[in-house]
Visitor: 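The structure's right below; bear with me while I get my questions together.
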2 protein chains.
Amino acid sequence: MASSSNKRTRIQGINRGIILEAALEVFSTYGFRGSTIDQIAEKAGMSKPNLLYYFPRKEDIYVTVLEDTLEDWLTPFRHIDPEGDPVEELRKYIALKMELSASKPESSRLFANEILHGAPAIQDFLKTNLKRLVDEKAGVILRWIDEGRLAPVDPYHLIFMIWATTQHYADFDVQIRAILPEQTVRPAFFDDATDSILSILLNGIKPR
Amino acid sequence: MASSSNKRTRIQGINRGIILEAALEVFSTYGFRGSTIDQIAEKAGMSKPNLLYYFPRKEDIYVTVLEDTLEDWLTPFRHIDPEGDPVEELRKYIALKMELSASKPESSRLFANEILHGAPAIQDFLKTNLKRLVDEKAGVILRWIDEGRLAPVDPYHLIFMIWATTQHYADFDVQIRAILPEQTVRPAFFDDATDSILSILLNGIKPR
DNA sequence: GAAAAACTTGACTGAATGGTCAAAATGTAG
DNA sequence: CTACATTTTGACCATTCAGTCAAGTTTTTC
C-alpha cells in the first residue's frame, strides 16, 4: 500500500491504511457502484463521517486504492530484463504474475472491474504510462525474436495472452472453483496451474 | 436471444426482445448494481412502469439476459468433436470463441462481471451444468493425450487458458485499445489476434 | 363494433445512500 | 496543566432509484 503511510500525522497514517485495506476488499467484491461508504466504514471499524474526514468523496478512496494496486501489478513487468535469457525471463514473469494472482486476488479483481466498465478512472494512465511501458517491452521481445531466441510471434498478443491467463485465476476464481474437482483446489493448486501454463506457453514460443 | 420470442402474445414477444437487447447493453456496461431500470427503459424506448410490466423485478431482466447469453457461449464448446483431429478441433474452437468476442463483446463482459462479483445469479449453473460439460470435454482431451495426439497438459488448465485468452479481447477491450498503436485496431485486428493466439497455443500443445 | 383483455404511463412512495454539520472527545505542544 | 489542533460521531439532508397504483389507451375477441 504505497500512499497509505508518509502522511501528515501518526493517526492519519494508520487510519488511511486501515481504510484503504477495507476499501480494497469491498470495492473488489462489489465494484465501485455496488459498494457503499457505510460498508467500507464498518469493515474499517469507524463511523462514516470519520471515514469521510480522511477521504472526502467515495471516488477519492477508490482512485487511491486503484493507483496503489496498479504499481504492484506493473512491478514484475518492469523487471523483465532485456539482457536475460528470453525463455527464462518470461518464465520468471509468468510465475510472478501467478503468485500475485494467488496472494492478491482482490487487486486483480479491482483492476479487472475497472477495465470492464470502460476504465473511467485510469483511461489516461493506460494510454500514457502503460502504453509506453508495453511498447518498450514489446520492443525487447521483438529483438529477442530477431535474434532467433524466440519463435516469431506478435509481442503485443503474447503479452496480452500472459496477462489474460495469469489474471484469469484471480478474476474467474469462482468459476474455476465451481468446475474443478474439489480436491484439486488444494494449497498446491496454484503451482499446478503455473506449471501447466508455463508448459503450454513456453513450448508455444520456444524458437523452432 | 433465446427466450425473447415464443411468449404469450405478439406484443410480448416483441417488447421482451427489445427490453433484453437494451438490458444487455446497459448491464454489460455498468454492471447490475450500476444500471438503473430507467436507463434500460429509455434505451428500450418505453416507460419504466411499462418495462416493469414485462419483468416485475430488475433481477428478472438481469437473470434472463444472462441465461440467454450463457447458451451462446457454451455452444461452440459443446461442438468440440471427440472423433475429430485434436489440433484441428481446438483450432476451430478457439477461432469461434474469438469471433464471438469480436461480434458479441457485451455478452462476454456481462458474464465476466457476473463471475467477478462471485456469480450470485449463476453459481448453481456453474457447479452443475457447466462442471458436467467441462468434465466431459476434459475427458476427451485426456483421451487425445493418451493416444499421443496432444502434448501431455492438464486439460482443465488448457480449457481455462483458452477461455481466458479469447475472452480477454472482449473483456479488456479498453485496455487493448489504449495500448495498441492506433492503426493496429483495424478491421483485420481480430484476425491477427486469432492467428497469434493459435500460433502460440497450438505449438504449445502439439505432440512432441 | 362493443366488451374484455392486454398494454401503457404520470404521479407517487419508501428505502438506500452519498455527503454535511456542529458539537463532543481526544491527542499534542509548550 | 492548559490552550490549540486533530479526530470522532449522532443527527440530519438531498438525491437517486426500485417498485406501486390507479387511471387511461390500444388491441383482440366474438
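Each chain gets a letter, A, B and so on, in the order its sequence line appears, and its residues count up from 1.
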Visitor: Can you spot which of B/Y62, B/F55, B/F27 makes a side-chain contact (heavy atoms from CB on, under 4.5 Å) with B/I40?
Guide: B/F27
Visitor: Given atom CZ of B/F55 and atom P of D/dT20, what is their separation to the nearest angstrom?
Guide: 16 Å
Visitor: Please confirm whether the shortest side-chain N or O distance from A/Q12 to OP1 or OP2 of D/dT7 is below 4.0 Å.
Guide: yes
Visitor: At under 4.0 Å, does any side-chain N or O of A/R10 touch on OP1 or OP2 of D/dT7?
Guide: no
Visitor: What is the distance from CD1 of A/I19 to C1' of D/dT8, rounded to the nearest Å?
Guide: 12 Å
Visitor: Atom CG of A/N15 to atom C1' of C/dG27: distance rounded to whole Å?
Guide: 13 Å
Visitor: Looking at B/R109 and B/D171, does any basic side-chain N land under 4.0 Å from a carboxylate oxygen?
Guide: no
Visitor: Ignoring the backbone of B/P49, work out which of C/dG10, D/dT7, D/dG19 is nearest its side chain.
Guide: C/dG10
Visitor: Expressed as a whole number of angstroms, how long is the span from A/D38:CG to C/dA16:C1'?
Guide: 9 Å
Visitor: Strictly below 4.0 Å: does B/Y53 bring a side-chain N or O up to OP1 or OP2 of C/dC7?
Guide: yes
Visitor: In whole angstroms, how far is the P atom of C/dA6 from the CD1 atom of B/I14?
Guide: 16 Å
Visitor: Taking atom P of C/dT9 as reference, at what distance in whole Å does atom CD of B/E42 sit?
Guide: 13 Å
Visitor: Is B/K131 paired with B/E136 through a side-chain N to carboxylate O contact shorter than 4.0 Å?
Guide: no
Visitor: Are B/I197 and B/Y169 side-chain neighbours, meaning at least one heavy-atom pair lies under 4.5 Å?
Guide: yes
Visitor: How is B/Y54 classified with respect to the nucleic acid when contacts are heavy atoms under 4.0 Å: base, sugar-phosphate, or nothing?
Guide: sugar-phosphate
Visitor: Taking the minimum atom-to-atom distance to the side chain of A/M46, which one of C/dC7, D/dG19, D/dT9 wins?
Guide: D/dT9
Visitor: Is the distance from OP1 or OP2 of D/dT16 to the nearest side-chain N or O of A/R33 less than 4.0 Å?
Guide: no
Visitor: Look at the side chain of B/I37 and decide which nucleotide, out of D/dA18, D/dT8, C/dG19, has an atom nearest to it.
Guide: D/dA18
Visitor: Answer yes or no: does a side-chain N or O of B/R57 lie under 4.0 Å from OP1 or OP2 of D/dT20?
Guide: yes
Visitor: Does C/dT9 have OP1 or OP2 under 4.0 Å away from a side-chain N or O of B/N50?
Guide: yes
Visitor: Taking the minimum atom-to-atom distance to the side chain of B/K58, which one of D/dT20, D/dA18, C/dT8 wins?
Guide: D/dA18
Visitor: Indicate whether the side chain of A/Y156 and that of A/D135 have a donor and an acceptor atom separated by less than 3.5 Å.
Guide: yes
Visitor: Starting at atom CZ of A/R16, determine the distance to atom C1' of D/dT8, rounded to an integer number of angstrom.
Guide: 17 Å
Visitor: Checking all strands, does B/S47 fall into the base, sugar-phosphate, or nothing category for heavy-atom contacts under 4.0 angstrom?
Guide: base
Visitor: Using whole Å, report how far NZ of A/K48 lies from P of C/dC21.
Guide: 14 Å
